[in-house]
Amino acid sequence: MNEFENAHEAFLTKHISMRGGERLKRLKEGHGHAEKLFLEQIWWNAFGHFQDLHPEYEIKDFRDGTRFLDFAFLRHSFRLAIEIDGFGPHFADISRSQFSDQLIRQNHLELNYLEKEVIRLAHKLGRAIKPVDVQKQFQFGQRKAQQTLKAMYQKSLLEPAGEGLARLRCYRVAQHVLANWEGLVV
């Protein structure tokens with residue numbers, strides 16, 4: 001065995017010994033060819049070790065359910081989520097609803113905390129959201145509130161809710177976001 005194979009085997013053995021139940025099952029079933037290939041060709045070449053890297057890392061999702069990241073790198077206050085999208089699991093062996101659930105999971109990881117909270121606020125208000133709403137909720141200045149909404153508009157998370165497009169004064173959550181987030185922002 002080469003150095004990578006020895007380190008990889010020790011890495012998995014360590015994490016398997018620390019787990020039980022669903023966490024153990026997910027690690028044994030979820031760590032496949034694509035994940036090993038990532039570790040060998042990307043991670044190992046960059047770092048030469050697996051310190052602070054956690055496979056099939058359990059997190060709470062937006063619905064207060066449990067999700068598993070392929071890997072989480074946790075070092076001091078720095079946290080990095082790593083998802084590996086192998087061809088097989090995403091196209092050959094899953095249903096449309098499972099694939100949709102995967103997309104929702106990745107969207108949750110891609111949105112930052114503030115974006116999630118703005119979407120939650122818009123849903124709670126039940127109307128178009130304005131910079132003043134963001135100011136009050138998050139105790140931001142007017143400029144920061146406007147910048148936050150503008151950035152979310154540029155990412156296509158929000159759509160204009162007013163008459164014109166020259167000066168946007170209010171926004172609504174984009175339809176594609178609502179479709180993926182239905183029931184998640186209660």
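Given the structure is predicted, the values throughout are model-derived calculations rather than measurements.
- A donor-acceptor distance shorter than 3.5 angstrom exists from the side chain of Glu83 to the backbone of Asp70, with no hydrogens or angles considered.
- Note: Glu29 CD to Leu24 CG = 9.5 Å, rounded to the nearest 0.5 Å.
- Proximity of a side-chain donor or acceptor of Glu5 to a complementary backbone N or O of Asn2 within less than 3.5 Å is not detected.
- Annotation: side chain of Glu56 is not in contact with side chain of Leu69 (no heavy-atom distance under 4.5 Å).
- Rounding to the nearest 0.5 angstrom, the gap separating the CD atom in Gln51 from the CZ atom in Phe11 is 11.5 Å.
- Gln135 CD to Arg143 CZ: the interatomic distance, rounded to the nearest 0.5 Å, is 13.0 Å.
- Side chains of Asp52 and Phe47 form no contact here, defined as non-hydrogen atoms less than 4.5 Å apart.
- In the hydrophobic cluster analysis, where Ile, Leu, Val, Met, Phe, Trp and Tyr join through side-chain heavy atoms closer than 4.5 angstrom, Leu53 is grouped together with Ile42.
- In this structure, Arg172 contributes its side chain and Pro160 its backbone to a donor-acceptor pair below 3.5 Å.
- Test Phe50, Phe71, Trp44 against Phe38 for ring-ring contact (aromatic ring centres under 6.0 Å, His included) and you get one pass: Phe71.
- In this structure, His31 NE2 and Ile84 CD1 are separated by 10.0 Å, a value rounded to the nearest 0.5 Å.
- Criterion: ILVMFWY side-chain heavy atoms under 4.5 Å apart, direct or through other members. Under it, Leu12 and Leu37 are not part of a common hydrophobic cluster.
- By the rule that hydrophobic residues join a cluster once side-chain heavy atoms approach within less than 4.5 Å of another member, Phe73 and Met18 end up as members of separate clusters.
- A continuous path of Ile, Leu, Val, Met, Phe, Trp and Tyr side chains, each step under 4.5 Å between heavy atoms, connects Leu125 with Tyr171, placing both in one hydrophobic cluster.
- Side-chain contact check for Phe4 versus Leu39: some heavy-atom pair is nearer than 4.5 Å.
- Side-chain atoms of Glu115 and Lys155, non-hydrogen and from C-beta on, do get closer than 4.5 Å to each other.
- Of the possible polar contacts, one joining the Asp133 side chain to the Lys130 backbone as a donor-acceptor pair under 3.5 Å is found.
- Going from atom CZ of Phe138 over to atom OG1 of Thr148 covers 8.5 Å, rounded to the nearest 0.5 Å.
- Within a 6.0 Å sphere centred on CZ of Arg79, heavy atoms belonging to other residues, nucleotides or ligands number 12 at most.
- Clustering ILVMFWY residues whenever any of their side-chain heavy atoms sit less than 4.5 angstrom apart, transitively, puts Val132 in a cluster other than the one holding Ile119.
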